[in-house]
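Here it is, the structure in full.
Protein chains get the first letters and strands the later ones, always in sequence-line order, with residue 1 at the start of each.
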Amino acid sequence: MNKIPVIVIFGPTAVGKTEFLLNFSRISEIVNLDSLQVYKYMDIGTAAPEREITDRIKHHLTGFLTPDREFGAGEFVREGDRLCSEIYERGRIPLVSGGNAFFLMNFIYGLPESPESSPEIREKIQIRLETEGPESLRRELEKVDPVSFNRISENDHYRITRALEVFHASGRPLSSFKVPDRPREKYDFLLIGLIRDREELYSRINRRVEIMFENGLVDEYRKLRKMGYGEADPGMSGIGYSEFLLMERTGCFTISDIKELIKQDSRKYAKRQITFFKKLENVIWESPENSDSILDKVRSFLSKYNFNI
RNA sequence: GCCGCUGUAGCUCAGUCGGUAGAGCAGAGGACUGAAAAUCCUCGUGUCAUCAGUUCGAUUCUGAUCGGCGGCA
């Protein structure tokens, strides 16, 4: 079976992925790997690629969903598979790019066998969490899935909820489902991880948040609120929006506090992304400054498929 | 200039009735089984402002000096 070549360009927020993509404008189309850039009405806060970039290289999975809809790893893998096939059939090289390490891991290895997330069951468990408290849920998990019980930290209510959700949905413990441990055969991946010095990355993040405010992030948030989006909507949980919701809820921040908070949350996010990405194997790690060295590797990868940049 | 308060971790501060000190935040490292820009775990040595005095022993008490804040002139 012929494999589909897929170039993946990933890295922490603000490392400089978007600009780098223009190198591929002749041969590729982009599959967006940022979980919040999938949403509409959130261009500023999610640093969505600008018009001049999307005009030059086709982007998929950006700005197509309203913020009240969930878009998780399952959706990403499904859509990503569909798009990669289509792009390759069109005679182009699929280029997956973004910062979501969890989506990427699921895309490379394939989804685990465990059932997909069920918002209805999850909500019931969340209500129990509020009424009965976390201890009650933990005792149930201990009985029903001791392996997960031991693996999940007692304060990680998010994962405790998920483990119980799987049990209630399938009647089987989460830990009994196989999780894939090798990359899927249907793809030939070229993994390029963009990275910079921590200090430099952080100052790029800070600068970018300043620019978001200059470009009207506050107005963008107000518009979203006017459209009726709020705490409960997945899109609004993102950095750059949840901080404003916090301000509304507590009333104890100024706009300039919020700006600093957004910078800080973005820095922490970048750190978490880096930690996660480091786990991936066969990654070419390189600063975006060294584009020649990266492009050499891309050329030798593409030569197998008679492509050139 | 005088009076009062104050000086402890990068920041905000606690504390030691005299036996060389600890929280929050920041920061660092890590986890990640279909919500993931989510969620969670681990990590605290610093001339306790400086100099002198008392003391077996001072970051702690006393004095002076130098900062800061407030009040009065």
Note: contacts of residues 72-88 of chain A with RNA chain B (heavy atom, under 4.0 Å) are Gly72(A), Ala73(A), Gly74(A), Arg78(A)
Is there a side-chain contact between Gln37(A) and Pro49(A), using heavy atoms and a 4.5 Å cut-off? yes
Can the ring centroids of Phe189(A) and Tyr187(A) be said to lie less than 6.0 angstrom from one another? yes
Which listed nucleotide (C32(B), G29(B), C40(B)) is nearest to the side chain of Phe102(A)? C32(B)
Roughly how many Å apart are A23(B) and G15(B), using the C1' atom of each and rounding to a whole number? 10 Å
Need one value for Phe107(A): base, sugar-phosphate or nothing, where a base atom within 4.0 Å counts as base even if backbone is also close, heavy atoms only.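 No contact.
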Do Ser153(A) and Asn155(A) have side-chain N/O donor and acceptor atoms under 3.5 Å apart? no
Interatomic distance at C1', C11(B) relative to G27(B), whole Å: 11 Å
Tell me what Phe71(A) touches on the nucleic acid: a base, only sugar-phosphate, or nothing, going by heavy atoms under 4.0 Å.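 Touches sugar-phosphate only.
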Using whole Å, report how far CZ of Phe276(A) lies from C1' of C32(B). 5 Å
Pairs under 3.5 angstrom only: tabulate donor-acceptor contacts from the side chains of residues 227-240 of chain A to other protein residues two or more places apart or in another chain.
unit_1, atom_1, unit_2, atom_2, d
Glu231(A), OE1, Arg249(A), NH1, 3.0
Glu231(A), OE2, Arg249(A), NH1, 2.7
Asp233(A), OD2, Gly230(A), N, 2.9
Ser237(A), OG, Pro234(A), O, 2.7

Between residues 227-237 of chain A and RNA chain B, which residues have a heavy-atom gap below 4.0 Å? Ser237(A)
Before accepting this row, confirm whether a basic side-chain N of the pair Glu210(A)/Lys263(A) lies closer than 4.0 Å to the acidic partner's carboxylate O. yes
RNA chain B: Leu111(A) or Arg208(A), which has the more 5' nearest nucleotide? Leu111(A)
Over all strands shown, is Ser148(A) touching base, sugar-phosphate only, or nothing at heavy-atom distances under 4.0 angstrom?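 The answer is nothing, as Ser148(A) stays clear of every strand by at least 4.0 Å.
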By nearest heavy atom, map Phe277(A) and Glu70(A) onto RNA chain B; which one lands nearer the 5' end? Phe277(A)
Any stacking of Tyr158(A) on A38(B), going by centres under 5.5 angstrom and planes within less than 30 degrees?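 No, aromatic ring not over the base.
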Spacing of the P atoms in A14(B) and U6(B) (rounded, Å): 9 Å
Enumerate the residues from residues 263-273 of chain A whose closest heavy atom to RNA chain B is under 4.0 Å, giving them by residue number; use none for an empty result. Gln264(A), Arg267(A), Lys268(A), Tyr269(A), Lys271(A), Arg272(A)
My understanding is that a hydrophobic cluster links ILVMFWY residues whose side chain heavy atoms are under 4.5 Å apart, including indirect links. Using that, what else belongs to the cluster containing Phe177(A)?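 Same cluster as Phe177(A): Val166(A), Leu174(A).
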Phosphate-side-chain proximity, Lys279(A) and C32(B), N/O vs OP1/OP2 below 4.0 Å: yes
Heavy atoms of Arg208(A) and Thr13(A) approach each other most closely as NH2-OG1, 2.6 Å
Give me the other members of the hydrophobic cluster that Leu129(A) sits in, counting Ile, Leu, Val, Met, Phe, Trp and Tyr linked by side-chain heavy atoms under 4.5 Å, directly or via other members.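 The other cluster members (ILVMFWY side chains, heavy atoms under 4.5 Å, direct or chained) are Ile121(A), Ile125(A), Leu137(A), Leu141(A), Phe149(A), Ile152(A), Ile160(A), Leu164(A).
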If you take all heavy atoms of Glu185(A) and Lys3(A), which pair is closest and at what distance? O-CE, 3.1 Å
For nucleotides U42(B) and A64(B), find the distance between their P atoms and express it as a whole number of Å. 48 Å
Are any protein N/O atoms closer than 3.5 Å to N/O atoms in nucleotides 41-44 of chain B? If there are, list each pair with its distance.
unit_1, atom_1, unit_2, atom_2, d
C41(B), OP1, Asn155(A), ND2, 2.6

Quick one: list whatever passes ring pair (Phe, Tyr, Trp, His ring centres under 6.0 Å) with Tyr221(A), sequence neighbours left out. Phe244(A)
Which is it for Ile7(A) and Leu302(A) under the side-chain contact (heavy atoms from CB on, under 4.5 Å) test, yes or no, and what are the steps along the way? CA-CA 9 Å; Ile7(A) 299 172; Leu302(A) 288 178; 4.2 Å; yes
Closest approach to the side chain of Arg159(A), judged atom by atom: which nucleotide of G30(B), A38(B), G34(B) is it? A38(B)
Expressed as a whole number of Å, how far does the P atom of U8(B) sit from that of U12(B)?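 Their P atoms lie roughly 8 Å apart.
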Look at all strands and tell whether Glu260(A) reaches a base, only sugar-phosphate, or nothing, counting heavy atoms closer than 4.0 Å. nothing
Evaluation steps, side-chain contact (heavy atoms from CB on, under 4.5 Å), between Asp219(A) and Leu217(A): CA-CA 5 Å; Asp219(A) 283 342; Leu217(A) 182 61; over 6 Å; no
Determine the contact category for Asn100(A): base if any of its heavy atoms lies under 4.0 Å from a base atom, sugar-phosphate if only primed atoms, P, OP1 or OP2 are that close, otherwise nothing.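 It contacts sugar-phosphate atoms only.
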Contact check, residues 165-178 of chain A vs RNA chain B, heavy-atom distance under 4.0 Å, returns Leu174(A), Phe177(A)
Report yes if a side-chain nitrogen or oxygen of Arg151(A) is closer than 4.0 Å to either non-bridging phosphate oxygen (OP1 or OP2) of U33(B); otherwise report no.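 So the side chain of Arg151(A) is outside the cut-off, no N or O lying under 4.0 Å from OP1 or OP2 of U33(B).
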Between C1' on G30(B) and CD1 on Ile274(A), what's the gap in Å once rounded to a whole number? 13 Å
Mind checking the P distance from A26(B) to C61(B)? Whole angstroms is fine.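 So the two P atoms sit 32 Å from each other.
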Treating a pair as Watson-Crick (purine N1 to pyrimidine N3 plus N6-O4 or O6-N4) or G-U wobble (N1-O2 and O6-N3) with both distances under 3.5 Å, list the stems of 3 or more consecutive pairs that involve RNA chain B. B:1-7 with B:66-72, B:10-13 with B:22-25, B:27-31 with B:39-43, B:49-53 with B:61-65
side-chain hydrogen bond (donor to acceptor under 3.5 Å, both in side chains), that's the test. Do His168(A) and Glu140(A) meet it? Break it down for me. CA-CA 11 Å; His168(A) 288 297; Glu140(A) 184 187 344; 3.0 Å; yes
Take Asn290(A) and Ser293(A) through the side-chain hydrogen bond (donor to acceptor under 3.5 Å, both in side chains) test and state the conclusion after the steps. CA-CA 6 Å; Asn290(A) 302 333; Ser293(A) 149; 5.8 Å; no
Does Tyr202(A) place a side-chain N or O at less than 4.0 Å from the phosphate oxygens OP1/OP2 of A28(B)? yes
For a quick check of understanding: with a heavy-atom distance under 4.0 Å over all strands, which category does Ser117(A) fall into, base, sugar-phosphate or nothing? sugar-phosphate
C1' atom, G30(B) versus G10(B): distance in rounded Å?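 Taking atom C1' in both G30(B) and G10(B), they lie 23 Å apart.
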Anything under 3.5 Å between a donor and an acceptor, one on a side chain of residues 95-109 of chain A, the other on a protein residue two or more places apart or in another chain? List them.
unit_1, atom_1, unit_2, atom_2, d
Ser97(A), OG, Ile9(A), O, 3.0
Asn100(A), OD1, Phe102(A), N, 3.1
Asn100(A), OD1, Phe103(A), N, 2.9
Asn100(A), ND2, Ser35(A), OG, 3.3
Asn106(A), ND2, Phe102(A), O, 2.8

Mind listing the closest non-hydrogen atom pair of Phe10(A) and Leu191(A) along with its distance?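 Here Phe10(A) and Leu191(A) meet closest at CE2-CB, 4.1 Å.
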Test log, rule side-chain contact (heavy atoms from CB on, under 4.5 Å), inputs Met247(A) and Ile258(A): CA-CA 8 Å; Met247(A) 176 170 81; Ile258(A) 292 303; 3.5 Å; yes
Check RNA chain B against residues 139-146 of chain A and give the residues with a non-hydrogen atom under 4.0 Å, in numerical order. none
Taking every heavy atom of Glu220(A) against every heavy atom of Tyr241(A), the minimum-distance pair comes out as OE1-OH, 2.7 Å
Roughly how many Å apart are G18(B) and C13(B), using the C1' atom of each and rounding to a whole number? 23 Å
